[in-house]
Amino acid sequence: MYQGLLVMRKFLFVGITFAALLHFMLHIFVQKKTISTLPTDAVKEFKTCYNEKFRLILNMSEIDPFLCQDIRKQSVNLGSSKLDLPYGTRRAERFFDMALKNLPQCNLPEEIKNISCKKCVVVGEPKSAAQQLIGPKIDSYDIIIKMNDGPVLGYEDDVGQKTTFRLCYPESIFSHSLHYDPNTTVVLLMFKPHDVKWLSELLMHKRVSTYGFWRKPAMNLIYKPHQLRVLNPFILRQASQNLLNFPISFPKTEKPKHPTTGIIAITLAFHICNEVHIAGFKYNLTSLNSTLHYYGNETMSVMAQNEYHNISAEQMFIRDLVEQKTIKNLT
Ligand SMILES: *[C@@H]1O[C@H](CO)[C@@H](O)[C@H](O)[C@H]1NC(C)=O
Ligand SMILES: *[C@@H]1O[C@H](CO)[C@@H](O)[C@H](O)[C@H]1NC(C)=O
Ligand SMILES: *[C@@H]1O[C@H](CO)[C@@H](O)[C@H](O)[C@H]1NC(C)=O
Ligand SMILES: *[C@@H]1O[C@H](CO)[C@@H](O)[C@H](O)[C@H]1NC(C)=O
Ligand SMILES: *[C@@H]1O[C@H](CO)[C@@H](O)[C@H](O)[C@H]1NC(C)=O
Ligand SMILES: *[C@@H]1O[C@H](CO)[C@@H](O)[C@H](O)[C@H]1NC(C)=O
Ligand SMILES: *[C@@H]1O[C@H](CO)[C@@H](O)[C@H](O)[C@H]1NC(C)=O
């Protein structure tokens, strides 16, 4: 009886030791596997500053945020070659080739790569009373993301002086040298083949065609080529599908819904930051007469008429992110 117990204890001990060893080995195996599928640059950071929540929202996809010259390889791996802009590269490859050939860089700027745990703030465009005088707070972040032609000049007290990344497209990029900032990297969002054509024409100093735009695009580049990047369309797809849960295709009778620049900026931030805060993301949906942006005279009615966005879906999504403490709202 006693001996039987002793044998059983021995078995149990061996069993538990074996299970622990197996668990440990599997753990290392899984971790190794996850890390080895990441781009090399990200690996070091992944170990030290890993934001589980962002990876879950992005459906665990770790990708290069910007397009490089080997766009076909980049596109095939992500399935982008089977989708049209803005979610893929199909039917715009020729223009992408011409544009990307003339962009000297496609990675994160060195000084940003060197920051190990990046604390980011995304500054939205909606006008909000709460945003007044938080400029110095915004300037204290490692990475400051702004968008479109939302000016810094004259609004420093509210939006801060610094801009690390500025997300924009041909109709919304600054074209007046007054707004030039040598410390900004401009991230171009390409919504249609004409946008990519526009970029290639500007980079090759050709005559710029204004055909196919909903508003006159910039006719000159105030930025130097090394300051420009093209956002990977896969990030737009993630913003739409993984974040906002928009359908992939829309019936012919309905305008397709795309995320606003603000949501795309937050998605990009989930890729390159370890902590994301936002400021000025609240639209006043109750009054069509209220001012839309912190700058300019446009009213909320402009946004309400825009059938390509679903602002109420976006506002709910942001509210949820803040409630779940995935991001922090400064305003
Ligand atoms: C998440 O990724 C898996 C595997 O890559 C894929 O099958 C699934 O459709 C993705 N889900 C979403 C919502 O994109
Ligand atoms: C980034 O770090 C590398 C290696 O640590 C260093 O050589 C380089 O000068 C740094 N670059 C910047 C812009 O800080
Ligand atoms: C750009 O960065 C440099 C170095 O940090 C700084 O001295 C300069 O004032 C910045 N320029 C602008 C326009 O912010
Ligand atoms: C909107 O503003 C205009 C002029 O400022 C005013 O005449 C109109 O009554 C306002 N409408 C609403 C719904 O507040
Ligand atoms: C929305 O705009 C209306 C009219 O301009 C204003 O009375 C109201 O306070 C605003 N709401 C918010 C949340 O800012
Ligand atoms: C806004 O409206 C004012 C007065 O109506 C006008 O003087 C100003 O030029 C407008 N600003 C812009 C950016 O349109
Ligand atoms: C916008 O999104 C909300 C919430 O997902 C949905 O109920 C509504 O039907 C959408 N509106 C349009 C015009 O697609």
Side-chain angles (χ1 to χ4, degrees), residues 57-59 61 63-68 71-72 74-100 103 106 122 124-125 145 147-149 165-173 185-203 209-218 228-252 254-272 303 306-311 313-314 317:
I57 292 174
L58 297 172
N59 201 11
S61 307
I63 56 155
D64 292 320
F66 311 123
L67 286 184
C68 296
I71 168 198
R72 282 184 180 73
Q74 254 178 324
S75 298
V76 167
N77 290 344
L78 299 168
S80 302
S81 56
K82 295 197 196 82
L83 294 170
D84 292 341
L85 283 164
Y87 303 123
T89 53
R90 186 170 67 180
R91 287 199 270 264
E93 291 92 349
R94 193 163 55 91
F95 297 135
F96 271 120
D97 282 341
M98 285 195 286
L100 296 169
L103 281 187
C106 67
V122 185
E125 295 177 289
I145 304 179
M147 57 202 71
N148 298 325
D149 46 0
F165 289 111
R166 184 176 284 276
L167 275 69
C168 48
Y169 42 89
E171 295 97 338
S172 79
I173 187 173
T185 297
V186 169
V187 179
L188 292 163
L189 313 181
M190 305 276 97
F191 285 98
K192 49 191 182 294
H194 281 111
D195 295 350
V196 194
K197 184 166 173 273
W198 164 88
L199 178 61
S200 69
E201 285 166 351
L202 279 175
L203 289 170
S209 160
T210 59
Y211 171 78
F213 294 92
W214 55 271
R215 190 167 73 192
K216 194 178 177 215
L228 303 175
R229 303 286 187 279
V230 176
L231 188 76
N232 191 336
F234 189 74
I235 290 186
L236 243 129
R237 198 161 120 211
Q238 287 182 315
S240 179
Q241 286 174 23
N242 297 100
L243 275 70
L244 297 175
N245 285 312
F246 284 170
I248 299 165
S249 59
F250 288 84
K252 280 242 159 26
E254 217 180 285
K255 295 259 166 44
K257 298 279 178 290
H258 300 309
T260 58
T261 313
I263 298 291
I264 299 166
I266 291 176
T267 315
L268 174 64
F270 284 171
H271 276 279
I272 59 184
M303 192 50 110
N306 189 325
E307 294 175 289
Y308 289 99
H309 297 313
N310 186 337
I311 294 297
E314 294 195 356
F317 167 72

Take K257 and Y308 through the side-chain contact (heavy atoms from CB on, under 4.5 Å) test and state the conclusion after the steps.
CA-CA 5 Å; K257 298 279 178 290; Y308 289 99; over 6 Å; no

Given side chains that start at C-beta, do those of L244 and I263 come closer than 4.5 Å, heavy atoms only?
yes

Trace of the ring-ring contact (aromatic ring centres under 6.0 Å, His included) decision for F246 with H258:
CA-CA 8 Å; F246 284 170; H258 300 309; 8.5 Å; no

Sub-4.5 Å side-chain heavy-atom contact between K197 and S209
yes

Considering residues at least two apart in sequence or located in another chain, which fulfil the salt bridge (charged side-chain N to carboxylate O under 4.0 Å, His left out) criterion with E314?
none

For a 4.5 angstrom cut-off between non-hydrogen side-chain atoms, does S240 reach P259?
yes

Of all residues at least two apart in sequence or in a different chain, which pass the side chain to side chain donor-acceptor pair (under 3.5 Å) check with E307?
K255

Are any non-hydrogen side-chain atoms of L228 and L203 less than 4.5 angstrom apart?
yes

Take M190 and L231 through the side-chain contact (heavy atoms from CB on, under 4.5 Å) test and state the conclusion after the steps.
CA-CA 8 Å; M190 305 276 97; L231 188 76; over 6 Å; no

Only counting residues at least two apart or in another chain, list the ones meeting salt bridge (charged side-chain N to carboxylate O under 4.0 Å, His left out) with K216.
none

Pick one: which of N232, I235, V187, V230 meets side chain to side chain contact (heavy atoms under 4.5 Å, CB included) with P65?
I235

List for me each residue that meets disulfide (SG to SG under 2.5 Å) alongside C168, sequence neighbours excluded, and say none if there are none.
none

Flag side-chain contact, heavy atom, 4.5 Å: D195 against F95:
no

Do you see a donor-acceptor pair shorter than 3.5 Å between the side chains of Q238 and N59?
no

Contacts of E93 meeting salt bridge (charged side-chain N to carboxylate O under 4.0 Å, His left out) (sequence neighbours excluded), chain-then-number -> none

In sequence, state the C-alpha distance, the side-chain angles, and the governing distance for D84 and K192, and then conclude on side-chain contact (heavy atoms from CB on, under 4.5 Å).
CA-CA 8 Å; D84 292 341; K192 49 191 182 294; over 6 Å; no

Could you pull out all residues at least two apart from R72 that satisfy salt bridge (charged side-chain N to carboxylate O under 4.0 Å, His left out)?
D97

Are P193 and L85 close enough that some pair of their side-chain heavy atoms sits under 4.5 Å apart?
yes

Under a 4.5 Å cut-off applied to non-hydrogen side-chain atoms, are L167 and L188 in contact?
no

State, yes or no, whether a side-chain contact exists between Y87 and F234 at a heavy-atom distance under 4.5 Å.
no

